[in-house]
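Taking it in order: structure first as structure tokens, then the write-up.
Note that ligands are numbered from 1 as they come in the structure, with each ligand's atoms numbered from 1 the same way.
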Amino acid sequence: MKNEFLLRVTDLSKSYGAVQALQGVSFNMRAGETIALVGDNGAGKSTLVKLLSGVLRPTSGSIDLNGSTVDLTSPDVARSNGIETVYQDLGLCNNLTVAENIFLGREEIVGWGPFSFLARARMRQKAKQALDGLSINVPSPDQNVTGLSGGQRQAVSIARTRLWKSTLVMLDEPTAALGVQETAKAMEAVRRLQKAGVAIILITHSMPMAKEMSDRVVVLRRGKKVGDVRTDSVSGDEIVSLITGAREQQIEAA
Ligand SMILES: Nc1ncnc2c1ncn2[C@@H]1O[C@H](COP(=O)(O)OP(=O)(O)OP(=O)(O)O)[C@@H](O)[C@H]1O
Ligand SMILES: [Mg+2]
């Protein structure tokens, strides 16, 4: 039986020593939904994403996927649960090619035992298909990622999520360092993920982007959830006043 919620975060907290970065945050997310995660600098957005991507362990609280509590002990465990994270600059290995990055940690093997080899040709082919499906121009799967632009690097990360059939993709400020054209392309890639039914958590400081791309907006302030609203029920200004604390929202269950 299918569970109503893809993701259920309950009373999640994270401290770095004396710093309470996240305090008792709870929210639910349905399959295929897009949440814009917003908040001022230091509000706890990246911390929340790191907890959900297995980079950090929570101090307390729980994470449920499809109705079962999961312990995301590492990024690999999060990935095997269908959660992939796209970072602007982190997340890719500079000494490797596009195809090698896409298959990093999940390399395909041909042969058996001492006679096994990396299936390079097959991985190149699949990498190329995944990139073509995004229509972002990455010259070749054999290119070293060092020479790629911010948008192209992101395309490589997004191609990885497609290939691994991730059900939840988190993007931490995907367009922060991109130019106008690259931003448009990155957003187009996110739209394709949405069309493919992938649930998305999009961290952004851009209110127009939050408004345009999301179904719901979750607002953090000083580590606490202070807003959880349907995107079409608020204006950009109202979101900003939740972020700054000029306005308080009575939080209802979404
Ligand atoms: N590794 C760390 N060690 C100690 N404190 C940290 C660490 N990472 C984050 N913090 C603190 O935790 C709080 C939340 O940080 P976080 O990076 O989650 O914020 P953010 O909402 O992503 O901010 P921004 O919009 O600037 O990226 C901040 O007070 C920050 O200084
Ligand atoms: Mg951050």
Output yes when R57 and D71 qualify as a salt bridge under the 4.0 Å nitrogen-oxygen rule, no when they do not.
-> yes
Any Lys/Arg nitrogen of E238 or K211 sitting under 4.0 Å from an Asp/Glu carboxylate oxygen of the other?
-> no
Do you know how many protein N, O or S atoms are within a distance smaller than 2.8 Å of the Mg ion (ligand 2)?
-> 1
Heavy atoms from other residues, nucleotides or ligands near CZ of R230 exceed 12 (cutoff 6.0 Å) |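 Counting neighbours around CZ of R230, 12 or fewer heavy atoms of other residues, nucleotides or ligands fall under 6.0 Å, so no.
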Does atom CZ of R247 have more than 12 heavy-atom neighbours, drawn from other residues, nucleotides or ligands, at distances under 6.0 Å?
-> yes
Can you spot which of N144, D142, V145, L92 makes a side-chain contact (heavy atoms from CB on, under 4.5 Å) with V98?
->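 Among N144, D142, V145, L92, the one that satisfies the side-chain contact (heavy atoms from CB on, under 4.5 Å) with V98 is V145.
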Side chain proximity check, K50 to K45, heavy atoms < 4.5 angstrom = no
Heavy-atom check, side chain of T59 versus side chain of S15, under 4.5 Å =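 The answer is yes, as the side chains (C-beta and beyond) meet within the 4.5 Å cut-off.
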Hey, are R8 and N66 close enough side-chain-wise for a donor-acceptor pair under 3.5 Å?
->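 Distance-only check fails for N66 and R8.
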Go through Q23 and S13 one step at a time and tell me if the side-chain hydrogen bond (donor to acceptor under 3.5 Å, both in side chains) criterion holds.
-> CA-CA 4 Å; Q23 293 179 55; S13 297; over 6 Å; no
Put together the list of close N/O pairs, under 3.5 Å, between ligand 1 and the protein, could you?
unit_1	atom_1	unit_2	atom_2	d
ligand 1	18 (O)	T47	N	2.9
ligand 1	18 (O)	T47	OG1	2.6
ligand 1	19 (O)	G44	N	3.3
ligand 1	21 (O)	A43	N	3.2
ligand 1	21 (O)	G44	N	3.0
ligand 1	21 (O)	K45	N	2.9
ligand 1	21 (O)	K45	NZ	2.8
ligand 1	22 (O)	S46	N	2.9
ligand 1	22 (O)	S46	OG	2.9
ligand 1	23 (O)	G42	N	2.8
ligand 1	25 (O)	N41	ND2	3.4
ligand 1	25 (O)	K45	NZ	2.6
ligand 1	25 (O)	H205	NE2	2.9
ligand 1	26 (O)	N41	ND2	2.8

